[in-house]
Each structure stands twice: as structure tokens, then as C-alpha cells.
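Working notes, structure below.
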Protein chains: 2
Amino acid sequence: MRLVIARCSVDYAGRLSAHLPPANRLIMIKADGSVSIHSDTGSYKPLNWMSPPCRLTEQPDRLLITGKSGETLTIEISEIISAWSADLGSDPGLVKDGVESHLQELLAAQLDVLGAGWRLVRREFPTAIGPVDLMCRDSAGVSVAVEVKRRGEIDGVEQLTRYLDLLNRDPLLAPVRGVFAAQEIRPQARVLAEDRGIRCVTLDYDTMRGTDDGMLRLF
Amino acid sequence: MRLVIARCSVDYAGRLSAHLPPANRLIMIKADGSVSIHSDTGSYKPLNWMSPPCRLTEQPDRLLITGKSGETLTIEISEIISAWSADLGSDPGLVKDGVESHLQELLAAQLDVLGAGWRLVRREFPTAIGPVDLMCRDSAGVSVAVEVKRRGEIDGVEQLTRYLDLLNRDPLLAPVRGVFAAQEIRPQARVLAEDRGIRCVTLDYDTMRGTDDGMLRLF
DNA sequence: TTGTTGATTTCGCAA
DNA sequence: TTGCGAAGTCAACAA
């Protein structure tokens, strides 16, 4: 990794055009050739960047970076304030816990959160337009398609609606009801879902994880 | 901005939990207190980060960063390889050209791209479920709702469909037809749109910008 | 290779 | 402040 702090102006031409007037910034050049330009504020997102794969060409006062589909990033350097280089080696990578797939696992193991006597038909129930997160039957034996989201927004309601439209054409399954389950459900998504007769359920990941731990201890 | 290259392990606890085993990495600490941890590969996204606003606490071999809603980022440092600091000053910011709003402006000024004799009723035509990008009337006076996208995907077709459903309930407007206009339309989005009687139009930003420049020169 | 979906998305605008 | 849609979204995964 090379790190350069320099006064520079930047131009990007690709899916859009973008320009940065001259100022002092950090230029980060990674071992894979990717480049990002950071200011001293803002979150982790750089002002400009080029993602790998790309090719870096160095000229006297200029860095030219070309992406594989023809995008160009041009960094005009008027003054180098400092520059370093370091070999970091490869990274063992990140371990995550608490993403949507975990939420889906937990809910599948605790269907009583949705209703007493429900049973799971299948996780990732396949359809022609994609898998339904959880296909269940309620205590009366009625089919229920459950869409699990971390954050419930309108897109998720549309997705579940498409599944329900399709599933209800299958006489072996119909009628199929819908449940939209998420840690957080946006008001507009809730309105749209309930307008379409889809039940909304808010999930508490920590409680479900706790319950699950308890289950594991009992058995 | 402070830059530290160090052998470190990292733990994040917030909306999810994440852990990074020990390795050499770059720790970037911005003037606003935000922190990001980069490896030597991958695009601009860091392995772990904390967005501002947040608070940084330094301990002998550890950095503790606390976010405003209680997330914590813990960096255990076993060896500092190098460390620098620099004051970059404020940044004048980025100038962008070619995003969706520009596309919408250009199309509003060149409705003949959609058909001869069309006229604009309103940009950002308000409805109860959000604004329609362009509301027009064609040469026969029939209402047309136009959804403009940079990249046309299924979500955009769903969005336009919702608008059309709503608008067609208004006897003053009905019948309302739909046009889905984008620089690039995904095949599945095109199929869905045309299946619903929505016309798809591919836009060429450079041509439209050129035409617009021409118009400006003429008047 | 293409398409789909999730993301600690981030960012910007408007109510 | 909150909500919502766009983004050079990126990135992982399946077909």
C-alpha cells in the first residue's frame, strides 16, 4: 500500500463525470492497483476512487488510472506533502454475525414467534421468480409465505407480493397468505403491506438469539 | 488526519457483530473522529469502520471508538509499524454531472425524444405515494406518466406501476399511460414493463446533452 | 457471464 | 429529525 498526501485536483470520467478542485488530500494506492482519494472529513467513502481491476500509470505530476470498462481517473498533483509505502500482506478477512441469513435461521427455529402451532415447510422455498425465505403452514394448515428482512422497505413488500401472486396460482398451495418480518419496518412499507393483506411482524434479534440460546441449553 | 499502520485485531458491535483476526492493516483516523481500517486489497470499502459522529478513546495498546447510538469499535494494537499525522484542511467538495436529476432535466427539455407534439404538464408531479418524474400529455392529449432512471431495473417498473394504478383512479387524468425511460434497461425490467403495457425508451445522455447544448446555442 | 439480493450500505433532499 | 430514493452504489452468490 502506498499513501500520498498531496495537493491535487481530480477528474473522473465514467458512468458520470466528477471534478475535485485543488486541495490537500490523501491518495491511497492499494496493492491491487485500486486508488481512492480521501478528505479529512466524511465517513469511509472516498471523494473519488477507482475500483479494481484497473491500471495505474504514473507521469511526472499526474496519476492516470484506467478501469476495465474505460473509466478514467486523473489526479493532477501540484505538491507532494508526504509519501509512504508499506507491505501489509494478505488479510485473513472478516467474520460477521447478525445479518439477514442469521435472522432467517433464528425465525425458522422459532416459528412460534409468528403463531402457535405453525410448522416449517421449507427455508428458501424455490419458485420460478426466486426463493421464498420461509414457506410455512399455520395451525389451520393454511400456507404462509414469509419474507424476512433486516430492514423492511417497500421493495421487500413488492418482492413478497410477486411471490404471493405466483404461489396463489398453484392450486396445491392456494390460498397462500403473506407475512413480512423484519427488525425494523418503514411506515410506508407497513402501509403498503397491510393494504395488500400482508401481516407485518417486527423481530427482535437479541431476544430471538437469547431464546435460541435457551433452546440450545434445554436440549 | 492520522494514519497508523499496525498489527491489530478488531471487534465491532453494533447492528451486527464483526471480528477481524490479527494482521497488518492501515488505520485511518479523520479529523472528525471517524475511523476506518483498510487491508491492502479490495475496493474503497474498509474492513471495519465507525462513521461520524463518534468518540475516540486511546488506551495504551487499544483504540476504543463509540458511536452515537452505542456501537463500539475496539482496535487491539499489538505492534505499531508506522504512524503519521497531517492537517489537510477543509475540502471544497465534489462536482458531479450525469446523475438521474440531470437526465430528468434534459428529457423534460426534449420531450420530442418521446414523441412529436408532447407537452410537459409537470416535473415531479405529486401523488399520495410519491412524485411522478414527468407528467406529460401526448399529441392526442392523453396523459402519460414518465419514470426516468439511470439504470432501469424491476424496482423502477414496480414504482411506475404503482403510480399508474393510482393515477388511473383519477377520472380527470385517466386513462394514463406509462413510459419507462432509462440510459440502460435490464432485459427483465423491459419484459415486465412491456407485459404491463408500459413503453420502454432508452436514453443516450451524451446525445441529449449535445442536443441541449445545441438548443442553448440557438436561443 | 449475467442477474439478484443484501449492506454496519452512504448520501442527499425534502417534509 | 425522520423518511425515502439514488448511488460511479459494492459485493456475494446462484444460474
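Chain identifiers are assigned alphabetically (A, B, ...) following the order of the sequence lines, protein sequences preceding nucleic acid strands; residue numbering begins at 1 within each chain.
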What does the list of N/O pairs under 3.5 Å between the protein and nucleotides 11-15 of chain C look like, with a distance for each?
{"residue": "C:dC11", "atom": "OP1", "partner": "A:S43", "partner atom": "OG", "Å": "2.9"}
{"residue": "C:dC11", "atom": "OP2", "partner": "A:S43", "partner atom": "OG", "Å": "3.0"}

Exercise. Whole-Å distance between C:dG6 P and A:E184 CD?
Worked result: 15 Å
Exercise. Taking atom types as modelled and ignoring hydrogens, do the side chains of A:R123 and A:Q104 form a donor-acceptor contact shorter than 3.5 angstrom?
Worked result: yes
Exercise. Under 4.0 angstrom, heavy atoms only, what part of the nucleic acid is A:M50 near: base, sugar-phosphate, or nothing?
Worked result: base
Exercise. Between the side chains of B:Q159 and A:E158, is a donor N or O closer than 3.5 angstrom to an acceptor N or O?
Worked result: no
Exercise. Atom CD1 of A:I154 to atom P of D:dG5: distance rounded to whole Å?
Worked result: 5 Å
For this session: Take A:A189 and A:E71, find for each the nucleotide of DNA chain D with the closest heavy atom, and name the residue whose nucleotide sits nearer the 5' end.
Result: A:A189
Exercise. Do the side-chain N and O atoms of A:T66 and A:R55 include a donor-acceptor pair separated by under 3.5 angstrom?
Worked result: no
For this session: May I have the distance from B:D155 (atom CG) to D:dA6 (atom P), rounded to whole angstrom?
Result: 9 Å
Seminar exercise, completed: By nearest-heavy-atom nucleotide on DNA chain D, the more 5' of B:R162 and A:L73 is B:R162
For this session: Could you check which of D:dA7, D:dG3, C:dT8 has an atom nearest any side-chain atom of A:R186?
Result: D:dG3
Problem set entry | The single option from A:L106, A:L114, A:L107 passing side chain to side chain contact (heavy atoms under 4.5 Å, CB included) against A:Q110 | A:L106
Exercise. How long is the line joining OH of B:Y205 and P of D:dA7, in whole Å?
Worked result: 12 Å
For this session: Examine C:dG6: is either OP1 or OP2 under 4.0 Å from a nitrogen or oxygen in the side chain of A:S101? Give yes or no.
Result: no
Problem set entry | Summary of salt bridge (Lys or Arg N to Asp or Glu O under 4.0 Å) pairs that have at least one residue in residues 16-39 of chain B, sequence neighbours excluded | A:D91-B:R25
Exercise. Between B:H38 and B:P46, what is the shortest heavy-atom contact and its length?
Worked result: NE2-CB, 3.7 Å
For this session: Decide whether A:S143 and A:R137 meet the rule of one side-chain donor and one side-chain acceptor closer than 3.5 Å.
Result: yes
Problem set entry | Any donor-acceptor N/O pair under 3.5 Å between C:dT8 base and B:N48 side chain | yes
Seminar exercise, completed: Considering only heavy side-chain atoms of B:V99, the closest of C:dG6, D:dA7, C:dT8 is D:dA7
Exercise. Within less than 4.0 Å of OP1 or OP2 of D:dG5, is there a side-chain N or O belonging to B:Q159?
Worked result: no
Exercise. A:E100 has an atom CD; how far is it from atom P of C:dT4, in whole Å?
Worked result: 17 Å
Exercise. What's the shortest heavy-atom distance between A:I77 and A:A6, and which atoms?
Worked result: CG2-CB, 3.9 Å
Exercise. In whole Å, what separates the P atom of C:dC11 from that of D:dA11?
Worked result: 15 Å
Problem set entry | From D:dC10, D:dG5, C:dG6, nucleotide with atom closest to A:R15 side chain | D:dC10
Problem set entry | Shortest side-chain distance from A:Y163, nucleotide among C:dT5, C:dT8, D:dG8 | C:dT5
For this session: Take the protein atom CD1 of B:I185 and the nucleotide atom C1' of C:dT2, then report the distance between them rounded to whole Å.
Result: 18 Å
For this session: May I have the distance from A:E147 (atom CD) to C:dG6 (atom P), rounded to whole angstrom?
Result: 6 Å
Seminar exercise, completed: Rounded to whole Å, the CD-P distance (A:E153 to C:dA7) equals 11 Å
